[in-house]
Amino acid sequence: MTRPDLCLDFANTRYWRGQATPTETLNGPADLAAWTKAAKAPSPREFEQAIALRETIYRLFDAQTQGKPATSRDLEALNQALAQAPVRKALRRGRGGYEWEVNGKSGTALALLAPILWSVGDLLAGPRLDRVRRCANPECGWLFLDDSRAGKRRWCSMSACGNRAKARRHYHRSKEE
């Protein structure tokens, strides 16, 4: 089964989006191939398409976290990518369970991103869409799937942004005293 938050992991390959210079982890076709564990890197043009798709995915879910509808342009771009992506052909036994068999021999960016695209569709159309969150740190912008029992998680992680917010609050409280 495709992890439901795989698409969010892909969107988060660019992070600290609220800063003047976000951090980019996919700087070229080889980085994309490594991230997807592909044997062959996509062409530079396909890499650019993959980055554009990543940004579309980010905007789709970011709009959702803000209670806004996705733009028709972003939804159309996603649907075009889904239509061109390889289909799930059959199930096969894999490590620790079953996995989808896909014709990924083409090596195109859409073949590499097929599991991510399925994850986007499954998450957007599934019951957990209302659990997609954006980190409350305005400099972070990280997207995550809130699996907390109460469904009120605010931070991408307590060890990063949550701890920073607590430290900031403590500093301001102690300064006021």
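None of these values were measured; they are calculated from a predicted model.
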Test: [X] and [Y] ion pair at under 4.0 Å:
X      : Y      : result
Arg128 : Asp147 : yes
Asp62  : Arg134 : yes
Arg17  : Glu55  : yes
Arg133 : Asp5   : no

Verify, without hydrogens or angle tests, whether [X] (side chain) and [Y] (backbone) share a donor-acceptor contact under 3.5 angstrom.
X      : Y      : answer
Gln84  : Ala81  : no
Arg131 : Ser148 : yes
Gln66  : Lys68  : no

State, with a plain yes or no, whether a side-chain heavy atom of [X] is found less than 4.5 Å away from one of [Y].
X      : Y      : answer
Asp31  : Thr25  : no
Ile57  : Ile116 : yes
Leu26  : Ile51  : yes
Asn27  : Phe47  : no
Val120 : Phe61  : yes
Val87  : Trp118 : no

Could you tell me the separation between the [atom1] atom of [X] and the [atom2] atom of [Y], rounded to the nearest 0.5 Å?
X      : Y      : atom1 : atom2 : value
Thr71  : Asp74  : OG1   : CG    : 3.5 Å
Leu117 : Leu112 : CG    : CG    : 10.5 Å
Trp142 : Asn137 : CH2   : CG    : 12.5 Å
Leu6   : Leu113 : CG    : CG    : 9.5 Å
Cys161 : Arg154 : SG    : CZ    : 11.0 Å
Tyr15  : Cys140 : OH    : SG    : 10.0 Å

Legend entry - Closest non-hydrogen atom pair, Ala33 against Ala41: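 Looks like CB-CA, 3.7 Å.
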Legend entry - Distance-only side-chain donor-acceptor flag, Asp122 / Ser119, under 3.5 Å: no
Legend entry - Pair Arg54, Thr13: side-chain N/O donor-acceptor within cut-off below 3.5 Å: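 Per modelled atom types, Arg54 and Thr13 side chains form a pair under 3.5 Å.
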Legend entry - Trp155 ring center near Phe144 ring center (under 6.0 Å): no
Inset, instruction - Give a yes or no on whether Arg92 atom CZ has more than 12 heavy-atom contacts from other residues, nucleotides or ligands under 6.0 Å away. - result: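 Check passes, neighbour count above 12.
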Legend entry - CA sep, side-chain torsions, deciding dist, call: Asp146, Val132, side-chain contact (heavy atoms from CB on, under 4.5 Å): CA-CA 6 Å; Asp146 181 0; Val132 176; over 6 Å; no
